[in-house]
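Below: one structure, written as structure tokens.
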Amino acid sequence: MRRAAIPLLVAAVISALPAAPAAAGVRPGTVHRGDATYYPANEALGNCSYGRVPYTRIAALNSADYDNARMCGAYIQVTGPRGTETVKIVDRCPECRPGDIDLNGAVFGRIGNPQAGRVRVSWKLVSPATTSTLSFRYKEGSSAHWCAIQVRNHRNPVTQLEVQVHSRWRALPRTGYNYFVANDGQGCGRKIRVADIYGQQLTVPLIALRPGILQTTRAQFRRH
């Protein structure tokens, strides 16, 4: 049975020593160019594993720039023939070429002519204003022997997630469906440290091992 997402407030602190900014893939300040297409808002749940989202300013990114879910939750400013819109990446577009982006139909109509079906656009990563704070979710089936952790509601793209194992930090590999996995369970239910694309780190003292429950913190990455 599907569990409800019950918000739990968890304190968090900003790390004194920032992580090194990520060097590969989509980077801050870089303008990308490609084609924009569109799809119905409720057509798919999305590779980022967010479920159905309650807003329409969403998009799917080509596989190269999706970068094994590294751009999940990223905010992208897209400029087309008719205007500019900011969208959140929630999915991957496997048939798109590098530089291409697949927009929600409502957004496409504000930056291009829907009858064209495909328009040339430019886009770049942005760090928007937001009142949301970081949330964490353990995937269903997580236990002390195996767990998968997802970060949600982050202002900037998350590039790394670490869990504390005794006195050291352990970086977990990321899956293409946007979870960080500990195949042996070490660090599950312990402190979590996340880094964003700008090199900022946030440390969350404790995220309980409660599969399927969305746990909210008081922390958020700074705006850039």
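Numbers here are sequence positions counted from 1.
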For residues 76-83, please give each side-chain donor-acceptor pair under 3.5 Å, one per line with the distance, not counting sequence neighbours.
residue: Thr79; atom: OG1; partner: Thr84; partner atom: OG1; Å: 2.9

Flag for Trp146-Asn183: side-chain donor and acceptor within less than 3.5 Å:
yes

CG on Asp91 to CE on Met71, rounded to 0.5 Å
15.0 Å

Are the side chain of Asp65 and the backbone of Gly99 linked by a donor-acceptor contact shorter than 3.5 Å?
yes

Pairs touching residues 53-64 that satisfy salt bridge (Lys or Arg N to Asp or Glu O under 4.0 Å), sequence neighbours left out:
Arg57-Glu85

Tell me whether the rings of Tyr38 and Phe108 are parallel (<30°), tilted (30 to 60°) or perpendicular (>60°).
tilted

Just how far is it from atom CG of Asn153 to atom OG1 of Thr216, taken to the nearest 0.5 Å?
7.0 Å

Decide yes or no for Pro128 and Arg155: does some side-chain heavy atom of the first lie under 4.5 Å from some side-chain heavy atom of the second?
yes

Do Gln150 and Phe136 have side chains that approach each other closer than 4.5 Å (heavy atoms only, starting at C-beta)?
no

With no hydrogens and no angle check, is any side-chain donor or acceptor of Tyr66 less than 3.5 Å from a backbone partner on Gly176?
yes

Compare all side-chain heavy atoms of His154 with those of Asp196 and state whether any distance is below 4.5 angstrom.
no

Arg118 versus Asp100: any side-chain heavy-atom pair under 4.5 Å?
yes

Could you check whether Tyr179 and Arg137, counting side-chain N and O atoms only, form a donor-acceptor pair closer than 3.5 Å?
yes

Taking the side chain as C-beta and beyond, is there a heavy-atom pair between Lys124 and Thr30 under 4.5 Å?
no

Between Leu61 and Arg92, is there a side-chain heavy-atom distance shorter than 4.5 Å?
no

Can you check whether Ile192 reaches Leu161 side chain to side chain, under 4.5 Å on heavy atoms?
yes

Is Ile197 close to Arg70 at the side-chain level, that is, under 4.5 Å between some pair of heavy atoms?
yes

When rounded to the nearest 0.5 angstrom, what distance separates CD in Gln186 from NE2 in His166?
6.5 Å

Which heavy atom of Ser142 sits nearest a heavy atom of Pro211, and at what distance?
O-CG, 3.4 Å

